[in-house]
Amino acid sequence: MSSLIEHPHPKERRIIFENAGKSDYTPDIENYLAHGGYEEAKKAFTMTPEAIVNEVKASNLRGRGGAAFPTGVKWGFIRRDDGKPHYLCVNGDESEPGTFKDRYILHRDPHQLLEGMIITCYALNIHLAYIYVRCEYTHAKEIMEKAIQEARDRGFLGKNIFGMGFDLDIYFHEGAGAYICGEETSLLESLEGKRPYPRIKPPYFPAVLGLYMAPTIVNNVETICHVKHILRLGSAEYAAMGTAGDGGTRVLCVSGDVMKPGPYELAVGSVTLGELIFDICGGLRPGRSLKAIIPGGSSSKVLRANEIFKIKSKADDGTVIDKEVPLLDMVMDAANLAAAGSMIGSAGVIVMDDSRNMLWALNNLNQFYAHESCGQCTPCREGVLWMSKLSTRMIAEGTQESDSISLHNIADHIAGRTVCAFGEAASWPTQSFIDKFPEEFGAQIAHQ
Amino acid sequence: MDQRAHNTIEQTSSHGELLSHDDVLGSTLSQAERITSGLLDKVEEAITHYPVSKRSAALPLLHLWQNHFGFIDESGVEWIAAKLDLNSISILELITFYPWFRQKAPGKTIIRVCRTLSCALAGSYEIHEKFCKSTGIDPTCEGHHGIPTSPDAKFSVEFVECLASCGSAPVCLVNKDLVERVSLQDVEDIIKKNS
């Protein structure tokens, strides 16, 4: 795997990639221990589980997988002493186009993930946990299973771990090439050996009726790794790295038309989109200008260069004011991207310059969603295929005036009408590409 | 095995398409009849990972089976289903859902080119086309739970969705190895090395 993370930018603040980014760092347990590994797991057992959950709540850690849900709040749904079995499923499916951070953790620093899992499981009274990873990470199984065995040999996993009277088994589980399995209820169905059709919420919130119908926490790989650092730094210091309600660091993955694509770990809210693209990522190719940014994985709504957003912010006297923020001055965090009508999602930033055709780009994404729709809900199964056929035909045969209206119309009838968020994920690109770049879709008639 | 399983093995044996590996080996045995003790051990070990429900071992068993035989024939579906106390449809519906699983033999070297946006921006369509042309595969062939394979059975080439290495686009998987920033020259080298 490439050395993309071995050259940190001075603006980066690395805690998750601190070890994984070193060129001579090896994934074995001796090396991890030499780098202070498993100290936080040991420390966790000197704390009460409630104290750990409170630390995670106070840290303002938000899920790094896509929904940015506060991790401590999610954990708070689990009642330790309800007499039921509880499970942890770590989501390493990492299939949102534009996202490529967990692969570095899984391949280069497997024990960091295991340590985070041990702390999580102790805090939530979990004795069986799975790591669900896409099978396209062809070497991850071997690396993670070796790490699990090493931890087991040291007494960090298995019976009576760390001699603290707590049992924990962790197993690695491979997916089989389906994007939908990154959706948490689909992941659980997949793990149960069934066709991975997402479950409807309510009632099937994983924290209530999860794996094997027991309370289950599904967290992203990076999210679980952060838990270790919250204990190491303390929730106050961890939270202070980020913004209000959004603590710590976050790996932003940048790809597309920039000179230095890669995953960059930055304190939450510490850079604007302009700094990210033109400073950290070395700007665009020579002679090119910015056209569009997909800020949070392919499902997030596209943003147009030179857009100006009205974002509500608090003035010094506490009053809420509308502030006009140009795209490149927008701070790259969950709150600002939501205010701009898009989302931070999985933080997979795809940059496109003025050489790119937006219909072509949208068609690429439409083909992705058409391929990946699980087929459970009719609006999505039929709609995404229809959108893909339409945009393919528009490229091959030219655009008719009614095409963009039809496209938008189909998308409007998928979003909000499906069991899972795939419906929105598949509709938002079409809606936003047409709304933001109407001239490229021949859309003379305003969409209603 | 019950009568139904026995019938399936006969059907499989008479089904030419599913037996391309066997043809090479001159064997007419179904996959289920060719299980090795090594594979059995791995299967038993995998099932222990799921103490709550052995149905959860369905994907791991399918991976083990495909890694061993190259694809999953009807006897494999029956065998895995029987092993996990399931109807065979509960296994077959997984094979037809997940893009990774195949019901036909692939070429010796499997090349999966990432098709999705960041790789497409970086030229993955040209890469895919060159792989196909160099191996005699029709680039428009999608394969249906098979995989587009060259006439000499040396290569399979397919487009796959995002391989999550967008920062080093374009990428492809050559069997188990990720190749990053693939160039047209790399394509020639990969073909040459595996011919």
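None of the values given here were measured: they were computed from a predicted structure. We use all heavy atoms of the structure for the numbers below, so side chains are in, but hydrogens, waters and symmetry mates are not. By convention in this document, chain letters (A, B, ...) are assigned in the order of the sequence lines, proteins followed by strands, and residues within each chain are numbered from 1.
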Which atoms of [X] are under 4.5 Å from chain B, going by heavy atoms: the side chain, the backbone, both sets, or neither?
X        : result
A:Phe100 : both
A:Phe368 : both
A:Lys194 : both
A:Leu191 : both
A:Cys181 : side chain
A:Ser298 : neither
A:Leu128 : side chain
A:Ser190 : both
A:Glu189 : neither
A:Gln367 : both

Examine whether an atom of [X] lies under 4.5 Å from a heavy atom of chain A, and if so say whether it belongs to the side chain, the backbone or both; otherwise answer neither.
X        : answer
B:Ala169 : neither
B:Arg112 : neither
B:Tyr125 : side chain
B:His49  : both
B:Ser124 : neither
B:Leu59  : side chain
B:Leu121 : both

Side-chain donor-acceptor contact under 3.5 Å, [X] with [Y]:
X        : Y        : answer
B:Ser183 : B:Asp186 : yes
A:Asn363 : A:Ser391 : yes
A:Ser346 : A:Glu96  : no
A:Glu94  : A:Tyr137 : yes
A:Thr430 : A:Tyr369 : no
A:Arg195 : B:Thr96  : yes
B:Arg55  : B:Tyr50  : no
B:Glu33  : B:Ser30  : yes

Exercise for the section: May I ask you to check whether A:Tyr87 and A:Tyr130 place their ring centers less than 6.0 Å from one another? Expected result: no

Practice task
Could you tell me whether A:Tyr179 and A:Phe422 have their ring centroids closer than 6.0 angstrom?
Solution key: yes

Exercise for the section: Count the heavy atoms of every other residue, nucleotide or ligand shown that sit under 6.0 Å from NZ of B:Lys42, and state whether that count exceeds 12. Expected result: no

Any idea which of [options] has the most non-hydrogen atom pairs under 4.5 angstrom with chain A?
options                                : answer
B:Leu163, B:Asp177, B:Val171           : B:Leu163
B:Ala58, B:Ser168, B:Ala120            : B:Ala120
B:Leu173, B:Asn175, B:Val179, B:Val160 : B:Leu173
B:Ala164, B:Ser90, B:Cys162, B:Pro51   : B:Ala164

Exercise for the section: With chain B as the partner chain, list the residues of residues 251-259 of chain A whose heavy atoms fall under 4.5 Å from it, by residue number, and write 'none' if nothing qualifies. Expected result: A:Val254, A:Ser255, A:Gly256

Exercise for the section: Could you tell me how the ring of B:His128 sits relative to the ring of B:Phe159: parallel (under 30°), tilted (30 to 60°) or perpendicular (over 60°)? Expected result: parallel

Exercise for the section: Hey, can you tell me if B:Tyr98 and B:Phe101 have their rings parallel, tilted or perpendicular (30° and 60° cut-offs)? Expected result: perpendicular

Tell me, out of [options], who's got the most heavy-atom pairs with chain B below 4.5 Å.
options                                : value
A:His371, A:Lys260, A:Arg356           : A:Arg356
A:Ala178, A:Gly193, A:Ala214, A:Gly375 : A:Gly193
A:Pro85, A:Gly98, A:Gly262             : A:Gly98
A:Arg134, A:Glu136, A:Lys141           : A:Arg134
A:Leu211, A:Asp169, A:Leu4             : A:Leu4

Problem - Euclidean distance, B:Glu44 CD relative to B:Leu61 CG, rounded to 0.5 Å - result: 8.5 Å

Problem - Distance, nearest 0.5 Å, that separates CD1 of A:Ile131 from CG of A:Leu106 - result: 7.5 Å

Exercise for the section: Please test B:Ser56 against A:Glu192 for side-chain hydrogen bond (donor to acceptor under 3.5 Å, both in side chains), starting from the C-alpha separation and ending with a verdict. Expected result: CA-CA 4 Å; B:Ser56 285; A:Glu192 290 184 7; over 6 Å; no

Problem - A:Arg285/A:Ser355 under side-chain hydrogen bond (donor to acceptor under 3.5 Å, both in side chains): CA gap, chis, key distance, verdict - result: CA-CA 10 Å; A:Arg285 294 177 293 173; A:Ser355 69; 3.3 Å; yes

Exercise for the section: Identify, with sequence neighbours excluded, every residue that meets side chain to side chain donor-acceptor pair (under 3.5 Å) alongside A:Asn357. Expected result: none

Handout entry: Any donor-acceptor N/O pair, B:Gln66 side chain to B:Gln103 backbone, under 3.5 Å
Key = no

